[in-house]
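A quick write-up on the structure given underneath.
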Amino acid sequence: MSDAMPLSCIPVGTRGEIVAIKGGFKNRDRLMELGFTKNTEVIPLHTGPGGNPTAYFVRGAVMALRNEDADNIFIRIKEEY
Amino acid sequence: MGAKICLVGNPNTGKSTVFNLLTGMRQHTGNWSGKTVGSAEGSFVYGGKSMDVVDLPGIYSLNPISEDERYAVDFLSRDDIDTVVVVLDATCLERNLILALQVIDCAEKAIVCVNLMDEARRKNIGVDLEVLHRELGVRVIGTSAGTGEGIGELKKAIYEGGSRCVHSSGGAAFSERAEEIYKKAVDYGCDVYNCLDRKIDRIVMGVWGLPIMLALLGVIFYITVEGANIPSAFLSSCFAAAESRLWELSGFMPLFLRGLLIRGLFRTVGWVVSVMLPPMAVFFPLFTLLEDVGYLPRIAFVLDRFFKRAGAHGKMVLTICMGFGCNAVGVTAARIIESPRERLIAILTNSFVPCNGRFPSIIMLAAIFTAGAGSMSGLGITAAVLAAVSASVIISLAASMLLSRTVLKGVPSSFVLELPPYRKPHILGILYRSLVDRTMFVFGRAVAVAAPAGALIWLLQNIHIGGGSLIFYISDALEPLGRFMGMDGKLLTAFILGMPANEIVLPLAAMCYSGGSYITDIESTASFAQLLCSNGWTIKTAVCTLVFTLCHFPCTTTLLTVKKETGSLKWTAAAFLLPLVTGILLCGIINFIF
Ligand SMILES: Nc1nc2c(ncn2[C@@H]2O[C@H](COP(=O)(O)OP(=O)(O)OP(=O)(O)O)[C@@H](O)[C@H]2O)c(=O)[nH]1
Ligand SMILES: [Mg+2]
């Protein structure tokens, strides 16, 4: 799992796959209920003015996360989109 | 007693739209997650059987973290529900199925309604309802609530009753099972990265996001300013004609009663309806248009950095947007904010943003100082209104920052903001809802509140004790404070009497100024402005009144809502004092400097 990195670090326009979710229990459960589960594909779509927050495509929906929160999700880059 | 059915599902899947179609009611819908925060009940008859339907707030899971979700989940655990209808978004089944499995598992009987089928077809997403039915073990109906497709079938299914099916248990198992079913039933042919929605998003939420937002609001304000003049002038002349006709007809009454009813009550109602109502009736549908297209969460996205810095929740933008319609609604909408601390901040600062009822006052005050600057053009007024509204949001942010550094200390909590797809607004539906439902509501309230207030102010003007009228004593007592704030005692009296509804404040002020005299005809916003100017108003008076219009005690309805939402007298008092003290200080400073 050496190539895993925080979600906020992966560039827009790549496909990633979730390898782990950190953070407190409550936070983690919530992210999973929102569709951020292990092995799920995530695509960063675009960032807001100033680089924060970022919109991600996950499980059919577009979800925006502040980078601080996205750092709890670890991703492995699969390919360029 | 009919069967009881409730609608659940992820936010923004069209539950309220399905509910409206089933019951023929007009529950509010909007293209963003969190529109519904309470329940609505209705019923329909099918095959001679009456069925009660309940619309609930959207939920992401059965473990609620915000008030609106808690409400829905609590409701689901009631034991008098016969069938649960799970409403799913056909374009987002991969996630929606997680909740569907959870609900089907614990519900007595369930039916699945896959809504937004039209959108799925358009996006080239194939959904195999047969496979879904086989995998989920309950009836699956495809619908497009926007067009009404499949509703007959849904009614029939509800009539026949849902079925019970138990799948598995365990949190992670649900999401894996959801993915399994999704892969079998859905053929996802949409290029998520390059579709039109994303292209629009990259423009409206990129570096130009803020200017685009201001431009959009500017256009809406401009249409409101210009568009309201026509009905306003028409209504004013009608009311003026009616007033003089009534005056003639009522010749048999005692003069005192004639004055009370016609110069007091009727005239105030006339002013509220002809001057205040038209801008409200134009602005509201335009803003609803933005809501229906799906732009509101985008505003939240663009403005998020400011809210983060203020220690506030990113979804506060959504409660502010609802506050533009009505502050009481904005306060209730704060249920979508999960953290109690940030929810309180959103509740306490909501009345800084001008609700629909204060909006006409802002236009009028803006008209006064653009008139002072030499022009009365719609563009000038629009610029001033835009500045005032921006200022209100900035003040609201500053107050949030103050609160989160002092009494409500804490760091911003994490949150996820769902960005809905752009949708074609239902223009006719919006027009109907805002012109028929809302304008009638505002009209009713104007009559209910303005009539007694108008009568009261006339009495205060015409009952004399000692040397002066009652209003003279009251406004005289308030005069020092009014002067300190760059206004006068009469204006403050109007603000206090206008507490039940903000839209009557300026008409009451005009009543005070005109002294119940027989001369004034109010033809439009412009002539209303002239009346104020001829009463010693300067640009400074207009600026101070504008600031105080933005920052003063919330209306009674809003205060009652704060009490209901927080359950605390202490916080209700805070919601009263925070904007009031801010307003007094700001006006004092402006008055001191200029
Ligand atoms: N094209 C299309 N749009 C739909 C359909 N159903 C609902 N909508 C639109 O989707 C948006 C959301 O609908 P709502 O009924 O407010 O959704 P909700 O599930 O009640 O949302 P919350 O109360 O926030 O949970 C609205 O703008 C509707 O007009 C549909 O079948 N097709
Ligand atoms: Mg709803």
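Predicted, not measured: the structure shown is a model, and the values here were computed from it. Just so it is clear: chains get the letters A, B, ... in the order the sequence lines come, proteins before strands, and each one is counted from 1. Side chains are part of it too, since the values below use all heavy atoms of this structure and drop only hydrogens, waters and symmetry mates.
Contacts between B:Arg305 and chain A at a heavy-atom distance below 4.5 Å involve the side chain alone, from C-beta outward. Residue B:Thr91 touches chain A through its backbone alone, counting heavy-atom pairs closer than 4.5 Å. The contact between A:Val12 and chain B is made by backbone and side chain atoms together, counting heavy-atom distances below 4.5 Å. Heavy atoms of A:Glu33 lying under 4.5 Å from chain B belong to its backbone as well as its side chain. Heavy atoms closer than 4.5 Å to chain A are found nowhere in B:Tyr182, neither backbone nor side chain. In this structure, chain A has no heavy atom under 4.5 Å from any part of B:Ser33.
Each of A:Met32, A:Arg59, A:Lys38 was checked for a side chain to side chain contact (heavy atoms under 4.5 Å, CB included) with B:Ser175, and the lone residue meeting it is A:Arg59.
Interface check for chain A: of the options B:Val207, B:Asn63, B:Asn10, the most heavy-atom pairs under 4.5 Å are formed by B:Asn63. When each of A:Ala64, A:Gly60, A:Gly48 is checked for heavy-atom pairs under 4.5 Å with chain B, A:Ala64 comes out on top. When each of A:Ala70, A:Pro53, A:Ala61 is checked for heavy-atom pairs under 4.5 Å with chain B, A:Pro53 comes out on top. Chain A forms the most heavy-atom pairs under 4.5 Å with one residue out of B:Val416, B:Asp197, B:Ile125, B:Leu99, and that residue is B:Val416.
Within the 4.5 Å cutoff, the side chain of A:Glu41 has no heavy atoms near those of the B:Glu94 side chain. Two residues are said to be in side-chain contact when any heavy atoms from C-beta on lie closer than 4.5 Å; A:Asn52 and B:Lys308 meet this criterion. Counting only heavy atoms from C-beta outward, the side chains of B:Pro412 and A:Glu68 never approach each other to under 4.5 Å. Looking at heavy atoms from C-beta onward, A:Leu45 lies out of side-chain contact with B:Asp201 at the 4.5 angstrom threshold. Residues B:Arg198 and A:Val62 have side chains in contact (heavy-atom distance under 4.5 Å, counting atoms from C-beta outward).
Atoms CZ and SG, on A:Phe57 and B:Cys195 in that order, are 8.5 Å from each other to the nearest 0.5 Å. Atoms CG and OG, on A:Asp29 and B:Ser61 in that order, are 8.5 Å from each other to the nearest 0.5 Å. Taking OH of B:Tyr193 as the start and NE2 of A:His46 as the end, the distance is 9.0 Å to the nearest 0.5 Å. The CG atom of A:Leu34 lies 8.0 Å from the CD atom of B:Glu418; values are rounded to the nearest 0.5 Å.
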| field | B:Glu338 and A:Arg30: CA distance, side-chain angles, deciding distance, salt bridge (Lys or Arg N to Asp or Glu O under 4.0 Å) verdict | value | CA-CA 11 Å; B:Glu338 302 94 14; A:Arg30 189 58 178 186; 5.5 Å; no
